[in-house]
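Side-chain atoms are counted along with the backbone in the values below, which use heavy atoms only and exclude waters and symmetry mates.
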Amino acid sequence: MDELQIPADESRCQRFIRWVRAAVSFCLSHIGLCGLVVGYSIGGGFMFQALEKDREQLVKKNVTLLVDKFVEELRLYTENLTMLQKEDWEVGADEIMKNFQSSISKYVQKEGYTGQDGTQWSTAEAILYAIIVITTIGYGNVAPRTQWGKIVTILYAIVGIPLMLLCMSNVGDAMARSFKFLYWKVCCFRCAKKTNMQETHLFQGRPRYSSTKRRRFFFQEEQSGDEGSHSSSYRSARSDEFKFAEEMMMQDSAAYFRRGPLPAVILNRYALGNNTDFVVDLPSPTENKSPLSSSQRTSSRKSKAVAAVEENRTVPIWLCVALVTTYLCGGALLFKEWEDDWTFFESFYFCFITLTTIGFGDYVPGKVGSDEQTSNSEKILALCAVYLLFGMALLAMSFNLVQEQVTTHIKRIARRIGIIDDDENEEAIDDNLGEHI
């Protein structure tokens, strides 16, 4: 019986491990990370509400009793005066007022009393507080006052901040790839089509020859005037493609100068702009033959070329700046509409301070002044949380795109001045010449 139970136990263990791996893989995906952050924020909001709401209600009750005590004490003092004179009454009333102010200031500073009719730890306010903690904004208008609330905030931030950073990095990278794809496939369709034509001309349009020591490209001079005009129009129509081909050939030449003796480089008059044939000797393609098959080498060359082209396809920095500015202006218009006492500049200032995680706390949305504004305040806080999360993802995407653009320019400048050498590109050029020429 024991021998029969061992395989069953192992099968259950393997099944459990497989399910655990699948769950971990899903949690680390784009949807999984977003779901974790949203669920973590909502769960944290309910947890903080349960820890702090009763304390807030107790503080409000104590302040109400303190105000009643002050009013009663002032009334009794006034009634006990045998002769009501202004100077004598002001001396005693000032002392009663100072004691009342001292007691109220303790509740304001230590207990976080604001004097608002609504609660600070409503559901929307608590969820927004949880988001503010893991995004490291920290407005400071809402803070835990109980000891357990402070301990839970520390533990919540230790887990939530890395989770938020991981989510923003993952989602920002995915949004950057998607935005770059849309930019090149939709906005720059003609540019992408032109680049594809150049790739086809370079890697599929080259003629193949037998393995001889001498190769020639002849472009015969047209004798008639009509043929000459036809050749001229062809040359002007294909000039853009030959510029790209000339660039690649010049890179080939530079690479071979660094690697050893310069073999033959074949250029044509349409690329160079002269009317003379240029014929040079080339090594036999059988020399230094790669052990890979021809199809494998061709596929490797094409993949490297396409990867190089994709690396150079970046989104302009001005477009990222314009996108973020538009998002800030849109948020400013929304908050100006939601908050009656905010101007457009104040709303824009709040959006900028929030999305950059500075979080001074001088402007906070959804302040409740009366019971009638409670419902509207809940909606504003919920929309503010959505605006904040999406804005953080948008900033992460913009930083990713700007980083790619800056890195590409730095690499290009470094290659031009000779600081770095691209050995992989040199090997691809070597294989390309040895195979196609």
Side-chain angles (χ1 to χ4, degrees), residues 45-129 132 138-153 335-336 338-343 346-347 349-350 353 359-382 384:
F46 283 109
M47 179 174 59
F48 288 119
Q49 185 184 30
L51 290 172
E52 297 291 334
K53 191 172 183 179
D54 293 339
R55 175 77 176 187
E56 182 190 18
Q57 298 298 329
L58 180 61
V59 169
K60 285 187 175 182
K61 183 178 179 181
N62 292 336
V63 170
T64 303
L65 294 176
L66 186 63
V67 172
D68 294 340
K69 180 181 177 181
F70 163 73
V71 173
E72 182 67 18
E73 187 176 355
L74 187 62
R75 186 185 66 82
L76 292 176
Y77 170 74
T78 305
E79 290 179 352
N80 291 334
L81 286 176
T82 56
M83 183 178 294
L84 186 61
Q85 294 183 358
K86 181 179 179 182
E87 293 79 7
D88 297 338
W89 183 86
E90 285 180 350
V91 172
D94 286 342
E95 182 158 352
I96 296 174
M97 180 67 70
K98 288 180 181 177
N99 294 332
F100 174 73
Q101 290 177 348
S102 177
S103 302
I104 287 292
S105 63
K106 292 180 181 178
Y107 280 101
V108 172
Q109 294 175 0
K110 295 183 179 180
E111 303 294 339
Y113 177 74
T114 59
Q116 296 180 358
D117 295 333
T119 176
Q120 280 189 322
W121 291 100
S122 62
T123 302
E125 188 82 23
I127 293 175
L128 182 61
Y129 169 77
I132 287 172
Y139 287 135
N141 63 315
V142 179
R145 301 300 174 179
T146 63
Q147 184 175 0
W148 277 109
K150 296 176 182 178
I151 294 174
V152 171
T153 299
F335 283 105
K336 179 180 179 297
W338 294 336
E339 299 290 337
D340 298 333
D341 56 342
W342 285 13
T343 63
E346 291 173 340
S347 301
Y349 169 79
F350 163 76
I353 293 299
F360 288 132
D362 48 351
Y363 289 92
V364 179
K367 289 184 177 179
V368 181
S370 63
D371 295 335
E372 297 178 356
Q373 298 177 347
T374 303
S375 177
N376 187 32
S377 176
E378 295 284 331
K379 295 178 181 178
I380 293 175
L381 292 174
C384 179

Notebook entry, point to check: Got Leu74 and Phe100 here, is their nearest side-chain heavy-atom distance under 4.5 Å?
Noted result: no
Margin query: Just by distance, no angles: are the side chains of Glu378 and Thr123 close enough, under 3.5 Å, to form a donor-acceptor pair?
Written below: no
Note to self: Between Glu52 and Thr146, is there a side-chain donor-acceptor contact under 3.5 Å, judged purely by atom types and distance?
What the structure shows: yes
Next item on the list: Output all residues satisfying side chain to side chain contact (heavy atoms under 4.5 Å, CB included) with Gln147, sequence neighbours left out; order by chain, then residue number.
Entry: Ile151
Notebook entry, point to check: Among all residues two or more places apart in sequence or in another chain, which pass the side chain to side chain contact (heavy atoms under 4.5 Å, CB included) test with Ser103?
Noted result: Leu66
Nearest 0.5 Å please: distance from the [atom1] atom of [X] over to the [atom2] atom of [Y].
| X | Y | atom1 | atom2 | answer |
| --- | --- | --- | --- | --- |
| Ile380 | Leu128 | CD1 | CG | 12.0 Å |
| Lys379 | Trp338 | NZ | CH2 | 11.5 Å |
| Glu125 | Phe48 | CD | CZ | 13.0 Å |
| Tyr139 | Ile353 | OH | CD1 | 9.5 Å |
| Thr153 | Trp148 | OG1 | CH2 | 12.5 Å |
| Glu56 | Tyr113 | CD | OH | 10.5 Å |

Check: Do other residues, nucleotides or ligands put more than 12 heavy atoms under 6.0 Å from Glu95 CD?
Finding: no
Next item on the list: Measure the acute angle between the ring planes of Trp342 and Phe335, then classify it against the limits of 30° and 60° as parallel, tilted or perpendicular.
Entry: tilted
Notebook entry, point to check: Do Glu346 side-chain atoms and Thr343 backbone N/O form a donor-acceptor pair below 3.5 Å?
Noted result: yes
Checklist line | Donor-acceptor under 3.5 Å (Ser102 side chain, Asn99 main chain) | finding: no
Can you name the closest pair of heavy atoms from [X] and [Y] and give their distance?
| X | Y | value |
| --- | --- | --- |
| Ala143 | Tyr129 | CA-CE1, 4.3 Å |
| Gly112 | Arg145 | CA-NH2, 3.4 Å |
| Ala124 | Ala382 | CB-N, 4.4 Å |
| Pro144 | Gly149 | CB-C, 3.7 Å |

Next item on the list: Could you list all the side-chain hydrogen bond (donor to acceptor under 3.5 Å, both in side chains) pairs where at least one residue sits in residues 59-80, not counting sequence neighbours?
Entry: Glu72-Arg75, Arg75-Glu79, Thr78-Trp89
Next item on the list: I would like to know whether Tyr363 and Phe350 meet ring pair (Phe, Tyr, Trp, His ring centres under 6.0 Å); could you show each step before the answer?
Entry: CA-CA 6 Å; Tyr363 289 92; Phe350 163 76; 7.8 Å; no
Check: Between Glu111 and Arg55, is there a salt bridge with N-O shorter than 4.0 Å?
Finding: yes
